[in-house]
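Numbers here simply count residues along the sequence, with the first being 1.
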Amino acid sequence: MTGPAALTWPQRSALLLGVLLVVWAVIDFARGHVPLGVLHVVTGVVIGASAVRTRAERLVASLMGVVYLVVFAVGVGQPGGSMDAGAVGNAAHLLIGFASVAVAESCAWCEQRARRATRHTARRTTHHPHRPRPN
């Protein structure tokens, strides 16, 4: 199976987050908030593109968590500065930071689960000379 249905839920979440960030970037550019628009479009494209592989998504989501938590801190620490997105925008940056960390952790969980399933399947299909084959 291919397409979005074949992706794990953290990958689908990352893809959705990427789309939302690009839409937010368009709004930022329209309002004249170029630095935030650049941040949102770049991170939106990167996280959306990385959603095709769980390992890549885990790395990108970890980095995005750090980036957005720093952007939140800078935005709150410098009111009126280039990274200040207002109360709602700053809260969204905080939420994106924590959500990105959650996506990274979920990708790690999905990878571990897939490895266990692969090992289990390999054990069931491997013939052991001391045990009779199941019928």
Side-chain angles (χ1 to χ4, degrees):
M1 184 177 347
T2 61
L7 299 175
T8 62
W9 71 266
Q11 290 172 295
R12 288 192 302 269
S13 298
L15 195 56
L16 177 63
L17 179 59
V19 169
L20 291 174
L21 284 169
V22 170
V23 169
W24 192 1
V26 170
I27 294 167
D28 285 335
F29 287 130
R31 295 179 61 203
H33 297 151
V34 175
L36 285 172
V38 170
L39 170 76
H40 295 148
V41 77
V42 168
T43 57
V45 168
V46 169
I47 198 160
S50 70
V52 296
R53 294 191 49 92
T54 320
R55 176 168 276 163
E57 184 57 41
R58 184 180 67 192
L59 174 65
V60 170
S62 297
L63 293 173
M64 272 194 53
V66 171
V67 166
Y68 273 91
L69 292 173
V70 168
V71 167
F72 165 75
V74 170
V76 170
Q78 296 177 352
S82 63
M83 290 293 131
D84 182 15
V88 173
N90 289 337
H93 288 154
L94 181 64
L95 180 63
I96 291 169
F98 285 125
S100 295
V101 171
V103 166
E105 288 297 315
S106 299
C107 285
W109 178 81
C110 287
E111 288 173 347
Q112 289 172 351
R113 185 173 172 214
R115 277 194 299 271
R116 277 192 301 254
T118 302
R119 278 195 312 260
H120 180 70
T121 302
R123 268 189 252 136
R124 290 183 67 209
T125 59
T126 304
H127 173 66
H128 294 283
H130 296 61
R131 279 192 265 162
R133 277 194 167 190
N135 292 332

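Here the OG atom belonging to Ser50 is positioned 12.0 Å from the CZ atom belonging to Arg58, to the nearest 0.5 angstrom. For the atom pair OG1 of Thr54 and CG of Leu59, the computed distance is 12.5 Å after rounding to the nearest 0.5 Å. With rounding to the nearest 0.5 Å, the separation of CD in Glu57 from CD1 in Ile47 is 4.5 Å.
Looking at every heavy atom in both residues, Ala14 comes nearest to Val103 through CB-CG1, 4.5 Å. Between Ala92 and Trp24, the shortest heavy-atom distance links the atoms CB-CH2, 3.7 Å. Looking at every heavy atom in both residues, Gln11 comes nearest to Ala51 through NE2-O, 2.8 Å. Between Val22 and Val41, the shortest heavy-atom contact is CG2-O, 4.3 Å. Heavy-atom minimum distance, Cys110 versus Thr8: SG-CB, 4.1 Å. The two residues Trp9 and Ser106 come nearest to each other via the heavy atoms CH2-OG, 3.2 Å.
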Chi angles and distances behind the side-chain contact (heavy atoms from CB on, under 4.5 Å) call for Gln78, Asp84: CA-CA 7 Å; Gln78 296 177 352; Asp84 182 15; over 6 Å; no
Ser100/Leu69 under side-chain contact (heavy atoms from CB on, under 4.5 Å): CA gap, chis, key distance, verdict: CA-CA 10 Å; Ser100 295; Leu69 292 173; over 6 Å; no
Evaluation steps, side-chain contact (heavy atoms from CB on, under 4.5 Å), between Ile96 and Leu21: CA-CA 10 Å; Ile96 291 169; Leu21 284 169; 3.8 Å; yes
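Note on Leu7 and Met64: separate hydrophobic clusters, where clusters join Ile, Leu, Val, Met, Phe, Trp and Tyr whose side-chain heavy atoms are under 4.5 Å apart, directly or indirectly. Under the 4.5 Å side-chain heavy-atom criterion for grouping Ile, Leu, Val, Met, Phe, Trp and Tyr, Val60 is connected to Val66 within one hydrophobic cluster. Each of Leu63 and Leu95 belongs to its own hydrophobic cluster when Ile, Leu, Val, Met, Phe, Trp and Tyr are linked at side-chain heavy-atom distances under 4.5 angstrom. Both Val76 and Leu94 are assigned to one and the same hydrophobic cluster, defined by single-linkage of ILVMFWY side chains at heavy-atom distances under 4.5 Å. Cluster membership for Val46 and Tyr68, using ILVMFWY side-chain heavy atoms within less than 4.5 angstrom, is shared.
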Below 3.5 Å, can you tabulate the donor-acceptor pairs from side chains in residues 28-39 to any protein atom, sequence neighbours excluded?
residue : atom : partner : partner atom : Å
Asp28   : OD2  : His40   : ND1          : 2.4

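For the pair Asn90 (side chain) and Phe72 (backbone), a donor-acceptor distance under 3.5 Å is absent.
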